[in-house]
Amino acid sequence: MAGKGMLIGALIALMGHSATGLAANVSEGQRIYRQFCVGCHGVGGLAAIPNAPNFSRGERLMQPDMTLMMSIKAGKMAMPSFNGILQDHQIFDVIAYLRTLQQ
């Protein structure tokens with residue numbers, strides 16, 4: 001039984017490490033948003049171009065993070081693909097920041 005307990009302990013430690021590594025950084029998301037997104041999506045999430053979602057009203061933010069990440073990676077209409085430009089954790093940082101904009 002001691003071996004099983006050690007295995008469970010190792011798995012819990014690994015899961016804790018993974019969760020820490022995946023935690024979104026809102027401040028970094030804001031920095032990335034200002035660099036890549038603000039031109040079209042506007043300051044504070046107020047759309048700066050037609051057909052861009054208004055993030056301050058929560059438009060499109062009801063979708064799960066994974067769905068939003070795939071949309072950002074793929075691009076859509078005027079929005080370019082960010083696949084290869086931003087890493088997944090950076091996209092999750094941006095999504096975390098977007099969720100702070102809802103009024």
Side-chain angles (χ1 to χ4, degrees):
M1 264 314 176
K4 185 176 182 181
M6 289 175 59
L7 177 60
I8 291 172
L11 287 173
I12 290 171
L14 180 60
M15 287 171 37
H17 177 71
S18 297
T20 302
L22 295 178
N25 182 330
V26 173
S27 296
E28 183 64 9
Q30 181 180 31
R31 185 194 67 75
I32 295 166
Y33 180 87
R34 286 179 178 165
Q35 181 179 354
F36 291 101
C37 312
V38 77
C40 296
H41 292 287
V43 175
L46 297 170
I49 64 169
N51 298 318
N54 183 334
F55 295 128
S56 70
R57 290 191 300 205
E59 290 178 6
R60 308 246 175 93
L61 297 179
M62 73 293 294
Q63 299 175 26
D65 288 357
M66 191 60 86
T67 301
L68 292 170
M69 183 192 71
M70 297 308 292
S71 293
I72 293 168
K73 286 178 88 166
K76 184 175 183 180
M77 298 191 316
M79 187 175 99
S81 165
F82 284 92
N83 192 28
I85 296 170
L86 297 175
Q87 297 175 3
D88 290 356
H89 72 89
Q90 292 175 305
I91 294 172
F92 285 125
D93 290 347
V94 171
I95 293 167
Y97 171 68
L98 293 177
R99 295 194 186 286
T100 70
L101 300 177
Q102 296 180 56
Q103 298 175 3

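These figures come from a predicted structure and were not determined experimentally.
- When all heavy atoms of N54 and E59 are compared, the pair lying nearest together is N-OE1, 2.8 Å.
- The distance from atom CG of L101 to atom CD of Q30, rounded to the nearest 0.5 Å, is 8.5 Å.
- Taking both residues in full, the closest heavy atoms of M69 and I91 are given as CG-CG2, 3.6 Å, listed atom of the first, atom of the second, then distance.
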*Decide yes or no on side chain to side chain contact (heavy atoms under 4.5 Å, CB included) for K73 and D88, but give the supporting numbers first.*
CA-CA 9 Å; K73 286 178 88 166; D88 290 356; 2.9 Å; yes

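- V38 and V26 fall within a single hydrophobic cluster, where Ile, Leu, Val, Met, Phe, Trp and Tyr are joined by side-chain heavy atoms under 4.5 Å apart, directly or via other members.
- If you chain together hydrophobic residues whose side chains sit under 4.5 Å apart, V43 and L98 fall into the same group.
- Closest approach of A48 and G39 over heavy atoms only: CB-O, 3.5 Å.
- Remark: Y97 OH to C37 SG distance equals 9.5 Å, nearest 0.5 Å.
- Of all heavy-atom pairs between I85 and S81, the closest is CD1-O, 3.6 Å.
- Both M66 and L61 belong to a single network of hydrophobic side chains, linked directly or stepwise wherever heavy atoms of I, L, V, M, F, W or Y lie under 4.5 Å apart.
- With rounding to the nearest 0.5 angstrom, the NZ atom of K76 is 5.0 Å from the CZ atom of R60.
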*Just do the side chain to side chain contact (heavy atoms under 4.5 Å, CB included) check on I72 and I95 with the steps written out, would you?*
CA-CA 10 Å; I72 293 168; I95 293 167; 4.1 Å; yes

*What do the steps show when you test E28 against H89 for side chain to side chain contact (heavy atoms under 4.5 Å, CB included), and what is the final call?*
CA-CA 10 Å; E28 183 64 9; H89 72 89; over 6 Å; no

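- L46 and I32 fall into different hydrophobic clusters, where Ile, Leu, Val, Met, Phe, Trp and Tyr side chains are chained together by heavy-atom contacts under 4.5 Å.
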_Worked check of side chain to side chain contact (heavy atoms under 4.5 Å, CB included) between R99 and L68_ = CA-CA 11 Å; R99 295 194 186 286; L68 292 170; 3.4 Å; yes

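- The two atoms that bring M79 and S71 nearest to each other are CE-O, 3.6 Å, heavy atoms only.
- With a 4.5 Å cut-off on side-chain heavy atoms, V94 and F82 do not count as touching.
- The aromatic rings of H41 and Y33 sit tilted relative to each other, their planes meeting at an angle between 30° and 60°.
- Here the side chain of D93 pairs a donor or acceptor atom with the backbone of N25 at under 3.5 angstrom.
- Closest approach of A24 to F92, counting heavy atoms only: CB-O, 3.8 Å.
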